[in-house]
Amino acid sequence: MPPISSPPLGAILAVSGVTKSFGALRAVDNVSFAMAPGEILGIAGPNGSGKSTLFNAITRIPFDMDAGIVVFEGRQVQNLPAHRLAALGLARTFQRETVFPSLSAVDNVIVAIEQTKRGGSLRRNVLLAEQALDIVGFPATLHNWRAAALPVFLRKLVMIAGAIALDPKVLLLDEPASSLTPDEIDRLRALIRQLREMGLAILLIEHVLELLTGVSDRLMVLDQGRVIALGEPAQVVRDPQVVEAYLGVAP
Ligand SMILES: Nc1ncnc2c1ncn2[C@@H]1O[C@H](COP(=O)(O)OP(=O)(O)OP(=O)(O)O)[C@@H](O)[C@H]1O
Ligand SMILES: [Mg+2]
């Protein structure tokens with residue numbers, strides 16, 4: 001079977017020619033891909049290959065791209081402010097933890113809701129936050145615990161709940177499995193599949209390859225800011241260029 005590198009018809013998200021430089025370093029170099037609604041597109045690549053920078057450039061958090069087009073549901077959105085992108089249905093989590101340690105789990109999610117126009121009265125925001133925490137499987141008994149007192153897995157769930165609370169159509173997850181135990185990775189895998197069942201398309205950056213290849217419909221590999229492979233996961237991880245750039249040894 002040839003690699004599935006062409007954009008799926010009726011893409012929910014299509015990016016074209018995304019480029020971002022830091023001085024002389026071209027961190028993301030002319031990256032293009034498209035996602036079908038409900039698709040999980042995995043992103044792998046060595047440290048520093050531009051994966052997080054790609055998310056940052058697409059979501060405009062915390063910086064803009066130098067060049068490129070982002071089409072969301074058929075409409076160019078690369079010039080919309082970050083909060084508008086989130087309100088349209090493009091939500092993300094961060095590689096570095098972004099929960100507020102002194103706030104409770106539920107207050108952390110409320111803060112995320114208040115940053116977009118989805119927010120309403122406090123009562124409504126509390127309800128939306130509690131629903132989001134329930135969806136990700138965060139224990140109801142811990143809603144009012146300070147984030148600082150929670151184990152890393154639950155803090156990650158709070159961060160994912162903050163994105164889910166925005167009712168996204170596309171969710172961008174940046175290394176959600178880092179620092180997790182094998183059992184927690186199993187729970188994360190189940191959550192990712194559950195979110196897809198709910199209709200979300202998911203763009204998933206991950207170094208835990210077994211998780212990435214297990215849940216992704218297609219896999220994209222970046223190296224030095226460029227897409228070096230895009231296609232069916234089992235095939236992509238066998239691609240000699242991918243093996244050389246990333247895996248180091250033949251799988
Ligand atoms: N704000 C910034 N200022 C300057 N250079 C940056 C900035 N953000 C990223 N870079 C550089 O851009 C390159 C790509 O970084 P990026 O964080 O996107 O890699 P990554 O693929 O996410 O890596 P990792 O797997 O380690 O998370 C790296 O060389 C990095 O040092
Ligand atoms: Mg990164």
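Every number for a ligand or one of its atoms is a count from 1 in the order of the listing.
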As a quick check of understanding, evaluate side-chain hydrogen bond (donor to acceptor under 3.5 Å, both in side chains) for His83 and Gln115, giving each step before the final call. CA-CA 7 Å; His83 73 272; Gln115 282 166 3; over 6 Å; no
Please state which protein non-hydrogen atom is closest to [atom] and give its distance, to 0.1 Å?
atom                    : answer
atom 3 (N) of ligand 1  : Phe22 CD2, 3.4 Å
atom 17 (O) of ligand 1 : Ser52 CB, 3.8 Å
atom 21 (O) of ligand 1 : Lys51 NZ, 2.7 Å
atom 23 (O) of ligand 1 : Gly48 N, 2.8 Å

Within a distance under 4.0 Å of any heavy atom of [X], pick out the atoms of ligand 1 and give their elements.
X      : answer
Glu175 : 24 (P), 25 (O), 27 (O)
His207 : 25 (O)
Pro46  : 21 (O)

Confirm or rule out an N/O/S atom of Asn47, from backbone or side chain, lying less than 2.8 Å from the Mg ion (ligand 2). no
N/O/S atom of Gln95 under 2.8 Å from the Mg ion (ligand 2), yes or no? yes
Any side-chain heavy-atom pair from [X] and [Y] closer than 4.5 angstrom?
X      : Y      : result
Asn108 : Arg155 : no
Val227 : Phe33  : no
Ile58  : Leu90  : yes
Leu191 : Lys156 : no

Strictly below 4.0 Å, N to O, side chains only: are Glu210 and Arg189 in salt-bridge contact? yes
Verify the contact flag for atom 31 (O) of ligand 1, where contact means a protein heavy atom under 4.0 Å away. no
Under a single-linkage definition using a 4.5 Å side-chain heavy-atom cutoff for Ile, Leu, Val, Met, Phe, Trp and Tyr, are Leu173 and Val208 assigned to the same hydrophobic cluster? yes
Ligand 1 contact by Gly225, heavy-atom criterion under 4.0 angstrom: no
Does ligand 1 have an atom under 4.0 Å from some heavy atom of Gly50? yes
For atom 24 (P) of ligand 1, which candidate among Val28, Asp174, Thr53, Asn47 provides the closest heavy atom? Asn47
Among Ile205, Leu222, Asp223, Leu25, closest by heavy atom to atom 11 (C) of ligand 1 is Leu25
Is Gly45 in polar range of ligand 1, meaning some N or O pair under 3.5 Å apart? no
A cation-pi test, strictly: NZ or CZ of Arg92 under 6.0 Å from the centre of the six-membered ring of Phe94 and no more than 45 degrees from its axis. Yes or no? yes
Please say which of Asp217, Leu41, Leu172, Ile40 ends up in a side-chain contact (heavy atoms from CB on, under 4.5 Å) with Ile202. Ile40
Parallel, tilted or perpendicular, judged at 30° and 60°: which one describes the rings of Phe138 and His143? tilted
